[in-house]
Amino acid sequence: MTIRWKSIGLAAFAAALTLSASYAEAAGVLTIGRREDSTTFDPIKTAQNIDNWVFSNVYDVLVRVDKTGTKLEPGLAESWTTSDDGLTYTFKIRDAKFSDGTPLTAEDAVFSLLRIRDDESSLWSDSYKVIDTAVATDPRTLTIKLKNPSAPFLSTLALPNASVISKAGMESLGADAYAEKPIASGAFSVEEWRRGDRIILKKNPNFWQADRVKLDGVEWISVPDDNTRMLNVEAGELDAAIFVPFSRVEELKKDPNLTVLTDPSTREDHLLINHAHGDLGKKEVRQALDMAIDKKAIVDAVTFGQGTIANSYIPKGALYHYADNLQRPYDPEKAKQMLADAGVSNLTLTYLLRAGDEVDEQTAVLIQQQLAKAGITANLQKVDPSQEWDMTVNGDYDISVNYWTNDILDPDQKTTFVLGHDSNNNYMTNYKSDAVKDLVAKARQELDPAKRAQMYFDLQKMAKEDVNWIDLYYSPYINVARKNVENFYQNPLGRFFLEDTVKNQ
């Protein structure tokens, strides 16, 4: 037994003691282990799954994505109509309340939508600039007029970041306090947030579907180390855990007390490239990087065959995925020559990665070795997961593996965020292309499905030509739960349907 494994064992033991002391016999409370802690409960100020996956059961949206992840269904809006010109949407708001017992009205929906559109701190404002006006014509009627027709508009209303929040609560508490302990419109409310440790949710009796909710509460517990998190589930100190390492799947399947859940996803892992850093601003250099990485070797070694090679930022199975998109062959010698032709030698890069993330670390070592064969030096910089996101946002990296899961059914949201505007510097890459940006805007307004599909095919080809980032692989969601847990399910967009989950004693 090595020192590394001893340290993991001790960490697991300590974590188990802590977990046991807090909730060991909690009836009806589901405990879920995850890597990182949340960052905020203010929906407009985050683009991270660690936040959105909790939001989805604390807040509700006007329009929802169903369990299959393929169609829209009513949420807080029980019905809606669209004008013939596609510019006016009228929503009938259902009779619902917030967790504090106050009525949820059309005015709250107006406040939430205008806030995500106009607030300076909103990360999603560009996706909602299409809204011209949003008014509550009465407490149960929301009327939205668009500046121009928008094919993805209904889909954007299902984004967790467009959740309906309490206008009175936000104005009374202030944004900072609301972001710590919000007033819920969803199945659960926030009882307590112990920063760096856990978020404690309790059933919201005022939720309009409260009769559907079987759990008394949920605890999202931060266990950054993958091995420790799996040990906690095996020991019964957690009811479930997400982000199961690929290497542990077969072993966990053999445990009669566990169920390994493999759900279809829209997850795409990719290598971010900071175009603002020196030679990485040259397209030919980025193309060489793409050619120097053996994606099949990564899929085989890291995902144990669970993944498939990615060829586009739009994942396989998603709307308008271009199956015939270019896949550059693995050819380190040609990559080396391309760098020389571009006048680049001794290329040295800082590779930012999350410490304790088994898959991230395995991938980093493989990519480091592969790039070396093309004469590229990648210096690995391991940081705590809580630091990694901020460093990426601030551009403190050259390359870094990240992943994306679609938040809405329509490809516009991801396309807009990573290719089509300057917010967050095109998902921290600093990628710039006016031609791409213009086509993103046109595709959003094109209502003919065939023409729109061709636009997205073209965008996928343009992104691959420019190497906005390097597509690595697609993979399913892999979670694990104790046998007494039923209906622990994640749809392809990542939403956990915890309102349907059951914990048997």
Side-chain angles (χ1 to χ4, degrees), residues 2 4-5 7-9 11-12 15 32-39 47-54 196-197 220-234 238 240-249 251-252 260 262 265 267-272 293 295 297-304 306-307 310 349-370 378-393 396-405 427-428 469-470 472-480 490 494:
T2 66
R4 178 174 181 271
W5 281 105
S7 66
I8 289 173
I32 308 170
R34 58 176 180 164
R35 286 193 189 116
E36 304 99 328
D37 189 12
S38 293
T39 67
Q48 298 189 71
N49 283 342
I50 58 169
D51 296 315
N52 284 14
W53 289 353
V54 178
D197 177 19
W220 287 95
I221 301 172
S222 301
V223 186
D225 186 86
D226 288 338
N227 288 290
T228 303
R229 196 166 60 256
M230 296 307 109
L231 288 168
N232 288 153
V233 182
E234 290 176 292
L238 287 170
I242 64 176
F243 296 119
V244 174
F246 297 111
S247 63
R248 298 296 303 279
V249 170
E251 177 188 351
L252 293 172
V260 177
T262 305
S265 86
R267 174 165 175 155
E268 184 228 357
D269 282 67
H270 46 262
L271 184 72
L272 294 176
I293 295 175
K295 288 84 172 176
I298 293 172
V299 168
D300 292 344
V302 174
T303 79
F304 289 76
Q306 296 278 350
L349 305 174
T350 298
Y351 186 140
L352 183 68
L353 72 149
R354 294 176 291 274
D357 182 333
E358 178 181 308
V359 171
D360 204 26
E361 293 188 6
Q362 289 176 338
T363 303
V365 170
L366 276 174
I367 290 178
Q368 182 187 47
Q369 294 170 346
Q370 292 168 0
N379 295 320
L380 306 186
Q381 182 182 6
K382 291 185 184 182
V383 299
D384 185 89
S386 61
Q387 294 177 274
E388 182 262 348
W389 177 255
D390 286 341
M391 291 179 68
T392 306
V393 170
D396 297 332
Y397 79 101
D398 291 326
I399 56 175
S400 180
V401 167
N402 212 313
Y403 79 96
W404 180 292
T405 58
Y427 204 62
M428 293 79 73
W469 65 32
I470 294 175
L472 296 177
Y473 60 87
Y474 309 126
S475 63
Y477 298 121
I478 308 177
N479 304 314
V480 62
Q490 197 174 12

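Only a predicted model underlies this, so the values are computations on that prediction, with no experimental measurement involved.
Shortest non-hydrogen contact noted between P245 and D226 is CG-CB, 3.6 Å. Smallest separation of non-hydrogen atoms from V223 and R229: O-NH1, 2.8 Å. Between E361 and G356 the shortest heavy-atom distance is OE2-N, 2.8 Å. Residues D269 and V401 come closest through the heavy atom pair OD2-CG1, 4.3 Å. Closest approach of V299 and T303 over heavy atoms only: O-OG1, 2.5 Å. When every heavy atom of Q490 is checked against every heavy atom of N479, the shortest pair comes out as OE1-ND2, 2.9 Å.
Between T363 and L353 there is no side-chain heavy-atom pair separated by less than 4.5 Å. Counting only heavy atoms from C-beta outward, the side chains of S400 and E388 approach each other to under 4.5 Å. Considering only heavy atoms from C-beta on, M391 comes within 4.5 Å of Q381 through its side chain. Between Y403 and N49, the closest side-chain pair of non-hydrogen atoms falls below 4.5 Å. Counting only heavy atoms from C-beta outward, the side chains of F246 and Q362 never approach each other to under 4.5 Å. For the pair M230/N227, no side-chain contact is recorded, criterion being any heavy-atom separation below 4.5 Å from C-beta on. Contact of the V54 side chain with the R34 side chain is registered, since non-hydrogen atoms from C-beta on lie closer than 4.5 Å. Put simply, the side chain of I367 reaches to within 4.5 Å of the side chain of Y351, judged on heavy atoms.
For the atom pair CG of L352 and CG of L272, the computed distance is 9.5 Å after rounding to the nearest 0.5 Å. Atom OH of residue Y427 and atom OG1 of residue T392 lie 8.5 Å apart, to the nearest 0.5 angstrom. In this structure, L231 CG and R248 CZ are separated by 6.0 Å, a value rounded to the nearest 0.5 Å. Atoms CH2 and CZ, from W404 and R267 in turn, are 13.5 Å apart once rounded to the nearest 0.5 Å. Summarising the geometry, atom CH2 belonging to W53 is positioned 11.5 Å from atom CD belonging to Q48; distances are rounded to the nearest 0.5 Å. Here the straight-line distance linking atom CD1 of I221 with atom CG of L238 works out to 5.5 Å at 0.5 Å rounding.
Listed by chain and number, the residues in a side chain to side chain donor-acceptor pair (under 3.5 Å) with D357 are R35, R354 (sequence neighbours excluded). Qualifying ring pair (Phe, Tyr, Trp, His ring centres under 6.0 Å) partners for W389, counting only residues two or more places apart in sequence or in other chains: none. Annotation: ring pair (Phe, Tyr, Trp, His ring centres under 6.0 Å) contacts of Y473 (sequence neighbours excluded): none.
Put simply, the side chain of E36 never gets that close to the backbone of S222: no donor and acceptor are under 3.5 Å apart. The backbone N or O of S475 lies less than 3.5 Å from a partner atom in the side chain of S265, making a donor-acceptor pair.
No option in T405, I242, T262 other than T405 meets the side-chain contact (heavy atoms from CB on, under 4.5 Å) test with Y477.
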